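Encoded as structure tokens, the structure appears first; notes follow it.
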Amino acid sequence: MTHAQVLAAAGLTSADLSGGSLVVRSPIDGAEVARVRETPAADMPAVFARAGETFAPWRDVPAPRRGELVRLLGEELRKEKAALAALVTLEAGKIASEGLGEVQEMIDVCDFAVGLSRQLHGLAIVSERPGHRMAETWHPMGPVGVISAFNFPVAVWSWNAALALVCGDPVIWKPSEKTPLTAIAVQRLFERAAARFGAEAPAGLSQLVIGRAEIGEAIAASRAVPIVSATGSTRMGAAVGPKVAARWGRAILELGGNNAMIVAPSADLDMAVRAILFSAVGTAGQRCTSLRRLIVHRSVKADLLRRLRKAYDSLPIGDPRAEGTLVGPLIDGAAFEAMQAALAAARAEGGTVHGGARASGVAGGTYVAPALVEMPAQTATVKRETFAPILYALDYGTFDEAIAIQNDVPQGLSSCIFTLDLREGERFLSASGSDCGIANVNVGPSGAEIGGAFGGEKETGGGRESGADAWKGYMRRQTSTVNYSDRLPLAQGVRFEA
């Protein structure tokens with residue numbers, strides 16, 4: 001389909017695509033596809049006020065009923081999966097299967113949240129005082145601000161919004177200024193679901209605000225938004241986090257990743273190569289969980305790198321809509337320049353670079369051959385995340401050395417080891433192993449399932465989205481005590497008789 005056909009199929013009108021100041025270009029060919037209207041900063045107080053007005057009735061709707069709205073959203077996503085996926089490819093440059101996978105992730109998290117709507121349970125706590133009962137319950141917190149990144153233009157919203165909505169919280173969404181069209185399309189699907197749901201879904205339950213940094217700054221600074229979930233660079237998180245903390249808000253931060261794979265002597269190298277390729281070059285290396293460091297035992301390093309160089313040389317690079325393409329474009333020219341700067345720095349630090357140049361035979365967008373860089377040590381450049389398909393290869397001798405290299409970076413998102421040694425695998429997952437929020441054995445660091453909590457430590461931010469008990473991040477905890485006796489004993493044996 002042409003760009004115009006993709007936009008029309010996703011339900012975008014000429015009013016959505018024209019008359020604004022925000023220029024949207026497709027990374028597929030660099031073509032301008034829209035000029036989107038931005039939300040004036042002066043309108044943000046009204047946005048916050050509307051979210052507050054919406055919160056009051058929505059928090060009183062029973063959680064299973066709130067789950068019904070999310071179920072309907074999942075239905076709308078199922079109906080429009082192909083059209084929305086094509087728009088993700090057009091606007092973010094993902095290959096077709098990854099665009100479809102992103103929308104499927106939205107559907108999956110809706111299903112997850114629907115089940116969760118009947119499981120927002122607390123605890124019954126044994127009291128030390130006779131005739132007393134203690135309990136822990138969870139209540140809606142208030143409007144949730146979602147600031148999402150270009151690389152997962154719609155899935156990140158769904159991780160947050162599906163949970164926030166069943167927890168009783170309205171949502172204010174600021175998408176990346178690089179990918180506003182997918183956000184507009186998803187907002188339309190939500191509005192369709194809300195219309196089917198009926199009057200119990202108040203207007204303004206999900207609001208979309210489009211703009212640049214000042215819009216995100218307004219969300220971070222507003223006391224009307226008690227929870228802010230921000231996905232993006234560590235630099236962005238360093239700006240958002242303190243602002244939220246300064247007004248005693250709650251931040252869920254999903255920031256940088258510098259993810260590693262340890263390849264042990266016993267590793268199945270065929271499996272390792274397959275995992276490395278998807279993790280390192282999938283989404284053109286523009287996932288927060290992309291594999292960026294390869295820590296290989298010296299006994300297998302030569303064999304593994306030989307296989308990887310051969311695989312890298314045969315990667316299908318090109319139009320992400322074409323059948324068989326595995327590596328699409330970088331999001332824009334700035335990403336390419338950042339990649340080249342990192343490769344130049346790696347060379348200056350003694351690295352040997354394989355690949356990394358502009359891809360030949362591909363016209364239009366910014367297409368690049370993924371780079372495999374052999375490094376003499378874990379240098380400053382290796383420790384710094386570059387959002388591009390660069391894989392730094394390091395070697396190790398002892399397992400303790402491998403763990404030390406793995407953990408010696410500022411980021412702490414995802415990690416993995418390929419080994420058939422049970423002791424190594426279990427050690428990697430232990431308290432003295434990987435320091436990341438995600439740690440896998442014989443599975444790459446990228447492509448997480450929605451059933452597990454997603455997030456990391458250190459400069460990754462410490463937040464968690466989706467899975468497990470991440471729903472608690474969107475609610476407030478309340479401990480209550482009920483005295484059903486005719487006495488008033490105090491805890492800890494304190495006596496206070498007036």
Side-chain angles (χ1 to χ4, degrees), residues 1 6 9-10 26-28 70 73-114 146 148-163 175-176 178-179 181-183 185-186 189 231 254 257 259 274-291 315-331 370 387 389 413-414 416 438 440 443-455 465-467:
M1 291 194 293
V6 170
S26 173
I28 294 174
V70 176
L73 174 61
E75 285 190 352
E76 296 297 333
L77 289 167
R78 282 179 169 88
K79 291 177 191 174
E80 303 299 335
K81 179 179 176 179
L84 183 56
L87 184 59
V88 169
T89 293
L90 171 68
E91 193 173 37
K94 290 188 171 185
I95 63 173
S97 68
E98 287 194 80
L100 289 165
E102 178 160 355
V103 182
Q104 184 61 49
E105 189 167 346
M106 301 176 75
I107 295 167
D108 292 345
V109 82
C110 285
D111 289 348
F112 176 81
V114 172
V146 179
S148 59
F150 77 84
N151 59 331
F152 279 85
V154 289
V156 167
W157 173 82
S158 70
W159 296 347
N160 289 279
L163 269 63
S176 167
K178 297 178 182 180
T179 53
L181 301 180
T182 45
V186 168
L189 296 182
T231 301
E254 300 291 354
N259 316 295
R274 291 172 59 197
I276 290 165
L277 286 178
F278 172 70
S279 301
V281 310
T283 325
Q286 297 172 120
R287 290 182 176 228
C288 51
T289 54
S290 288
L291 180 62
L315 284 170
I317 303 169
D319 190 322
R321 299 166 298 184
E323 184 72 25
T325 296
L326 293 181
V327 183
L330 295 174
I331 189 67
F387 220 58
L413 178 52
S414 191
C416 66
I438 299 170
N440 299 328
V443 177
S446 195
E449 298 180 34
I450 62 97
F454 182 87
E465 293 170 324
S466 193

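These figures come from a predicted structure and were not determined experimentally.
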Specify the closest pair of heavy atoms between [X] and [Y], including all atoms of both residues, with the distance to one decimal.
X      : Y      : result
Val443 : Asn440 : O-CB, 3.3 Å
Lys178 : Glu91  : O-CG, 3.8 Å
Ala92  : Pro27  : C-CG, 3.6 Å
Thr325 : Ile317 : CG2-C, 4.5 Å
Met1   : Ala86  : CE-CB, 4.4 Å
Pro445 : Ser414 : O-OG, 2.7 Å

- Salt-bridge test for Arg78 and Glu75: reply yes if a basic N is under 4.0 Å from a carboxylate O, no otherwise. no

Spell out, as yes or no, whether a donor-acceptor pair under 3.5 Å connects the side chain of [X] to the backbone of [Y].
X      : Y      : result
Asn259 : Ser290 : yes
Glu102 : Val154 : yes
Glu465 : Phe454 : no

Measure the [atom1]-[atom2] distance between [X] and [Y] for me, rounded to the nearest 0.5 Å.
X      : Y      : atom1 : atom2 : result
Ile450 : Ile107 : CD1   : CD1   : 11.5 Å
Leu189 : Leu73  : CG    : CG    : 7.5 Å
Leu87  : Thr179 : CG    : OG1   : 9.5 Å
Ile95  : Leu100 : CD1   : CG    : 10.0 Å
Leu330 : Gln286 : CG    : CD    : 5.0 Å

Less than 4.5 Å apart, any side-chain heavy atom of [X] and any of [Y]?
X      : Y      : answer
Asn151 : Phe387 : yes
Leu77  : Leu84  : yes
Pro389 : Val327 : no
Lys94  : Phe152 : yes
Leu163 : Phe112 : yes

- Candidate pair Ser158 and Glu105, rule side chain to side chain donor-acceptor pair (under 3.5 Å), full reasoning: CA-CA 8 Å; Ser158 70; Glu105 189 167 346; over 6 Å; no

- Return the set of residues passing side-chain hydrogen bond (donor to acceptor under 3.5 Å, both in side chains) with Thr289 (not counting sequence neighbours), or none when no residue passes. Ser446

- Task: With Ser148 as reference, evaluate Asn160, Val156, Thr182 under the side-chain contact (heavy atoms from CB on, under 4.5 Å) test and give the passing residue.
- Result: Val156

